[in-house]
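Comments concern the structure below.
Along the sequence shown, residues are numbered consecutively beginning with 1. Whatever order the structure lists ligands and atoms in, that order sets their numbers, starting from 1.
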Amino acid sequence: MKVYLYNTMSRTVEEFNPIKEGFVGMYSCGPTVYNYAHIGNLRTFIFEDVLKRMLRHAGYKVKHVMNITDVGHLTGDGDDGEDKMSKSARETGKTVWDIAKFYTDAFFADYDSLNIIRPEVVCPATKHIDQMIALIKRLEDGGHTYIAGGNVYFSIDTFPEYGRLARLNLDDLKSGARIDIDSNKKNPKDFVLWFTNSKFGEQAMMWDSPWGRGYPGWHIECSAMSMHYLGEQFDIHCGGIDAIPVHHTNEIAQSEAATGKKWVNYWMHGEFLLSDKGKMSKSSGEFLTVSVLKQHGYDPLDYRYFCLGATYRTQLQFSYQGMDGARTSRLGLVDRIASLGDSVAKPAEVSAKAHEYMDQFDGFVCNDLATARGLSVLWGMLKDDSLTNAEKRYVANYMDEVLGLGLKAIKAKKDDNSDVPAEVMELVAKRAQAKKDKDWAAADLYRKQIDDMGYLLKDTPTGPSLQKKM
Ligand code: AMP
Ligand code: ZN
C-alpha cells in the first residue's frame with residue numbers, strides 16, 4: 001500500500017519512503033502539563049493518532065515517541081515570560097511536581113477517552129536532563145553556542161540553514177529585528193539552551209550542569225529525547241502548526257548543527273481548531289475541554305468524529321451545532337453496525353465489491369489522511385445492500401483500524417427481551433391480552449406502567465420490542 005504525506009518542509013505531498021524498510025520512527029511534541037488540554041490541543045493529538053493508525057494499517061511497524069513538557073516551556077515562545085509550570089504552581093499553591101503529575105494523568109484520561117493509541121515511548125523532559133546536557137555540550141564543542149548573562153545560547157549564525165522549515169527570510173529578520181527583551185542575544189533569533197539565570201529567581205526545578213545549576217530551554221528537550229529514542233535520523237516529526245516558526249525551527253537547528261546530518265525526513269503539522277474568538281488557546285483563559293463536552297452530553301468519540309470530518313490541514317471551526325451533527329452521525333453509525341450482528345471474524349468469502357470499498361478507503365486515507373472521504377466510503381458501504389451483514393462488519397472493522405471510532409467493540413443489538421425484568425414482561429403480556437380483548441384503555445394503562453418502569457415499548461412486525469430508557 002503506497003502512502004503519501006504532505007511534507008511541510010517541501011510544501012508538497014510526497015510519497016512516503018521510510019529510512020528502514022517496514023518501520024517508521026515518529027516523534028510528536030507532547031503536552032505542556034500545567035493545565036488541562038483543550039480540545040484544540042486534542043485535535044492535534046487525534047491527527048497524529050490517525051497518522052499512526054494509517055501507517056500501521058499500511059503495514060508499517062511504528063515506534064511513536066512523545067514527550068511530556070514538564071519544565072522549560074516559557075509563557076512566550078521566544079525565551080520570554082515565566083516557566084508555565086512554575087506559574088501554575090505559584091497560582092495554585094501546589095508544587096511543580098504535583099502540577100505535572102496531576103495534568104499528565106488528566107491528559108492521558110482524555111487521550112484514552114478519545115481512543116488515541118498511547119505512544120510506544122512517553123518521555124517526560126525532567127527525566128532526560130542528562131541527554132539534554134550531552135547535546136548542549138556537543139553543540140558547545142562544535143562552536144554553536146555562547147554564554148551571556150549566565151545562560152547558554154544557540155547562535156543561529158553558526159547554522160546557515162536556519163529557518164528553512166518556516167521559510168524565514170533572515171535578512172528581513174536582521175534589518176527589521178524587533179527590539180528583543182533579551183539584550184544578551186547576538187541575534188534576536190538566538191535561543192536559550194540552558195538557563196542558569198531567570199528573572200523569576202529560584203526555580204523549583206533545577207539541575208547541576210557544566211554551566212551552573214539551572215534548567216533546560218524548551219526546544220532542546222525534543223531534539224535530545226527524539227534522538228535518544230529514535231536515532232539521529234528518523235522518519236516523521238509532527239505537531240501543531242504553531243510550532244513551525246520557532247519551536248520546530250529551533251529543534252532542527254540544534255539537531256542538525258550537532259550531528260551535521262539531515263535530521264527528519266517528513267514534517268507534518270495539524271491546523272488549528274478555532275473558537276469564536278480565533279485560535280483556541282490555553283493562555284486566553286477560556287477554553288473547552290473533554291469534560292466540558294461531556295457535561296454537554298457528548299461522548300468524547302463524538303468529538304473524534306467531528307475532527308475526522310475535516311482534513312487535518314484545514315482550520316476547523318468549533319460549534320455545538322457541528323458537534324450535534326457529529327453525534328447524530330456517529331450514533332447512526334453505531335446503530336447500523338449493531339444491527340449487523342456480532343460477527344467480527346473474517347467472513348468465509350469477501351466479495352469483489354467489498355474489496356472495492358476497502359481499496360477506495362485506503363486510497364483516500366493513505367493519501368495524506370483524507371478522513372472525511374474515508375468516512376463517506378464507510379457510509380456508502382454500509383448502505384450497499386449487495387454486501388452481506390458479515391461482510392459489512394468486516395469492512396467496517398477494517399476501516400476502523402484508521403478511524404479509531406471503536407466500531408469493532410460495538411455489540412450486536414439484541415432483539416429478544418431476555419434481560420428485561422419479569423414484572424415488566426408480565427405487564428407486556430397483560431397488555432397483549434388487553435389488545436386481544438380490544439380493551440384499549442387497559443392496553444394504554446399497561447403501556448404507561450411499562451414506561452414508568454423505565455422501558456420504551458414499540459410494536460414491531462415480530463411482536464413488541466422493549467428498550468431501556470437512558
Ligand atoms: P501544548 O500543550 O500547549 O504544548 O500544545 C500541545 C499541542 O497542541 C501542540 O502540538 C500545539 O501545536 C497544539 N495546539 C495548540 N493550540 C491548538 C489549536 N487551537 N488547535 C490545534 N492544535 C493546537
Ligand atoms: Zn517539540
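- Considering A37, G240, S28, G40 only, the shortest heavy-atom separation from atom 10 (O) of ligand 1 involves G240.
- Protein heavy atom nearest atom 20 (N) of ligand 1, with residue, atom name and distance: L273 N, 2.8 Å.
- Here the protein heavy atom with the shortest distance to atom 16 (N) of ligand 1 is K279 CE, 3.3 Å.
- Listed by number with element, the atoms of ligand 1 under 4.0 angstrom from any heavy atom of E271 are 21 (C).
- Between K101 and D70 no salt bridge is recorded (no basic side-chain N to carboxylate O distance below 4.0 Å).
- Residues R304 and D49 are paired through a salt bridge, judged by an N-O separation under 4.0 Å between the basic side chain and the carboxylate.
- Checking H248 against the Zn ion (ligand 2), every N/O/S atom stays at or beyond the 2.8 Å cut-off.
- Taking the six-membered ring for Trp and the full ring otherwise, Y111 and F108 have centroids separated by under 6.0 Å.
- The distance criterion of under 3.5 Å between nitrogen or oxygen atoms is met by M280 with respect to ligand 1.
- For ligand 1, the atoms lying closer than 4.0 Å to a non-hydrogen atom of D242 are 11 (C), 12 (O), 15 (C).
- Ion pairing between a basic and an acidic side chain is recognised when a charged N comes within 4.0 Å of a carboxylate O; E401 and R53 show no such pairing.
- Formation of a donor-acceptor pair under 3.5 Å by the T196 side chain with backbone atoms of G150 is found in this model.
- In this structure, L55 and I236 have side chains that are in contact, with non-hydrogen atoms separated by less than 4.5 Å.
- With the Zn ion (ligand 2) as vertex, C222 SG and E251 OE2 subtend 100°, rounded to 10°.
- Among heteroatoms of the N, O or S kind in H247, NE2 lies nearest the Zn ion (ligand 2).
- Salt bridge present: K52 and E120 bring a charged side-chain N and a carboxylate O closer than 4.0 Å.
- Not close to ligand 1: H269, with no non-hydrogen atom less than 4.0 angstrom away.
- The atoms of ligand 1 that sit less than 4.0 Å from any heavy atom of T44 are 10 (O), 13 (C), 21 (C), 22 (N), 23 (C).
- Near P31, with a cut-off below 4.0 Å to any heavy atom, the atoms of ligand 1 are 2 (O).
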*Given the rule in the salt bridge (charged side-chain N to carboxylate O under 4.0 Å, His left out) test, do E15 and K2 qualify, once you have shown the distances and angles that lead to the verdict?*
CA-CA 7 Å; E15 185 179 336; K2 282 200 174 186; 3.7 Å; yes
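- Among all protein heavy atoms, the one lying closest to atom 4 (O) of ligand 1 is T32 OG1, 2.9 Å.
- For atom 15 (C) of ligand 1, the closest non-hydrogen atom on the protein side is N41 ND2, 3.1 Å.
- Using a cut-off of 2.8 Å, one finds that C29 contributes an N/O/S atom close to the Zn ion (ligand 2).
- The distance from the CZ atom of F306 to the CG atom of L316 is 4.0 Å, given to the nearest 0.5 Å.
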